[in-house]
Amino acid sequence: MLRDERKYPVAAIFNSIAHRFGEIFRKTYVEVDNSKTTFVTVDGMILRENMTEGDKLYVNNIYGSTDEFTVLGYGRSAKVNLSRRLCSYRKYDLVKFPCAHAMAALCLKHGDEYGTRIYNYSSQIYLKISYLLAYLGPICAAPLESEWSMAQEYLKIQVLPPNFDPKLERRKVKRVKGVLEPSRYKKRNKFSKCKRPRHKRTTCSLNVG
């Protein structure tokens, strides 16, 4: 249908697209539901990558705190606060998901058990149960315009276009060319006899044979 869209109405095309996306979504939902992981599959892969990268970093606990660490590695050092879920690189702050610096700090704090503690330092939105609850209800595409239900008072309202003032458009300013820009003036014609511009045989004042 999508290849022969000119033979079908626009509504049928969008319904076909919505149906296809629905199939993909239901397949993904079943895969997440049948998985044995605590996090969603994609998030778990990112988590393992951060753990691998965090093993290459060096962690120092200067202040003796159980939550504040200084992580050294590629480039400049990073400061991590596990209790507040903060990192000076700001990645941990934004996504609320342990970055490589946070993984290195967790490894120093919890030792070999840090692999089971990382879930306590991540946002709940990455859990598999959160994903399943968010998409538990059906997601329906918008119905056809003929099936819309609207109150009569809204149908009588005439929607006018916004006010437009042509004077508010951008003011046209003549551009001044730079010194190094080549000139684009047209070449002036010269009379072949006197070699002067704007001269021709009928108007030339010189008596050139």
Side-chain angles (χ1 to χ4, degrees), residues 1-3 11-144 147-149:
M1 178 183 291
L2 299 181
R3 294 181 179 179
I13 297 176
F14 280 99
N15 289 338
S16 176
I17 296 174
H19 180 71
R20 178 57 180 162
F21 274 102
E23 293 179 352
I24 299 175
F25 174 79
R26 285 189 293 270
K27 180 180 178 181
T28 306
Y29 188 89
V30 173
E31 292 178 354
V32 173
D33 192 16
N34 295 334
S35 63
K36 304 296 182 181
T37 58
T38 305
F39 279 175
V40 181
T41 307
V42 178
D43 300 329
M45 295 173 58
I46 299 175
L47 196 65
R48 287 190 293 271
E49 293 177 359
N50 292 343
M51 293 175 65
T52 303
E53 187 177 353
D55 294 338
K56 304 175 184 178
L57 303 178
Y58 175 76
V59 187
N60 191 4
N61 191 356
I62 301 177
Y63 304 103
S65 174
T66 58
D67 293 318
E68 297 181 1
F69 300 89
T70 301
V71 183
L72 305 176
Y74 309 105
R76 59 188 180 89
S77 60
K79 295 183 179 179
V80 179
N81 191 315
L82 296 177
S83 61
R84 301 176 58 187
R85 300 179 183 178
L86 300 177
C87 177
S88 58
Y89 273 63
R90 297 297 307 279
K91 184 177 180 180
Y92 192 19
D93 312 14
L94 297 175
V95 300
K96 299 302 179 183
F97 196 74
C99 59
H101 303 101
M103 287 295 184
L106 287 172
C107 183
L108 179 64
K109 180 177 181 179
H110 297 289
D112 297 336
E113 299 180 354
Y114 88 103
T116 59
R117 299 294 186 92
I118 56 179
Y119 306 108
N120 299 331
Y121 296 91
S122 305
S123 177
Q124 300 297 317
I125 62 175
Y126 298 106
L127 296 176
K128 182 182 73 173
I129 186 62
S130 300
Y131 178 89
L132 296 177
L133 290 176
Y135 299 102
L136 183 61
I139 301 177
C140 302
L144 299 176
E147 301 177 1
W148 292 359
S149 178

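In what follows, every heavy atom counts, from backbone to side chain, and hydrogens, waters and symmetry copies are set aside.
The number of heavy-atom neighbours closer than 6.0 Å to NZ of Lys79, taken from other residues, nucleotides and ligands shown, is 12 or below.
Asn120 and Ser122 share no side-chain donor-acceptor pair at under 3.5 Å.
The aromatic rings of Phe39 and Phe97 lie tilted to each other, with the angle between the two planes from 30° to 60°.
No donor-acceptor pair closer than 3.5 Å links the side chain of Ser65 to the backbone N or O of Asn61.
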Could you walk me through whether Tyr126 and Val95 pass the side-chain contact (heavy atoms from CB on, under 4.5 Å) check? CA-CA 10 Å; Tyr126 298 106; Val95 300; 3.7 Å; yes

Using the side-chain contact (heavy atoms from CB on, under 4.5 Å) rule, take Lys128 and Val32 through it: C-alpha gap first, then chi angles, then the decisive distance, then the call. CA-CA 7 Å; Lys128 182 182 73 173; Val32 173; 3.5 Å; yes

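Checked against the 6.0 Å centroid threshold, Phe25 and Tyr135 count as a close aromatic pair.
Interatomic distance, Leu57 CG to Cys99 SG, rounded to the nearest 0.5 Å: 9.0 Å. Note that CD of Glu49 is 9.0 Å distant from CD of Glu53, once rounded to the nearest 0.5 Å. Atoms NZ and CD, from Lys96 and Gln124 in turn, are 13.0 Å apart once rounded to the nearest 0.5 Å. Between Phe69 atom CZ and Leu82 atom CG the span is 5.5 Å, to the nearest 0.5 Å.
You'll find the side chain of Asp93 reaches within 4.5 Å of the side chain of Cys87, heavy atoms only.
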Donor-acceptor pairs under 3.5 angstrom involving side-chain atoms of residues 101-118: please list them, not counting sequence neighbours.
| from | atom 1 | to | atom 2 | distance (Å) |
| --- | --- | --- | --- | --- |
| Lys109 | NZ | Thr66 | O | 3.3 |
| Lys109 | NZ | Asp67 | OD1 | 2.7 |
| Lys109 | NZ | Tyr121 | OH | 3.1 |
| His110 | ND1 | Arg117 | NH1 | 3.1 |
| His110 | NE2 | Tyr121 | OH | 3.2 |
| Thr116 | OG1 | Glu113 | O | 2.9 |

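The minimum heavy-atom distance linking Asn81 with Arg84 is given by the pair OD1-N, 3.2 Å. Nearest heavy-atom pair across Pro98 and Tyr92 is N-CE1, 3.6 Å.
Evaluation of the side chain to side chain donor-acceptor pair (under 3.5 Å) test over residues 23-34, restricted to residues two or more places apart or in two chains, returns His19-Glu23, Arg20-Glu23.
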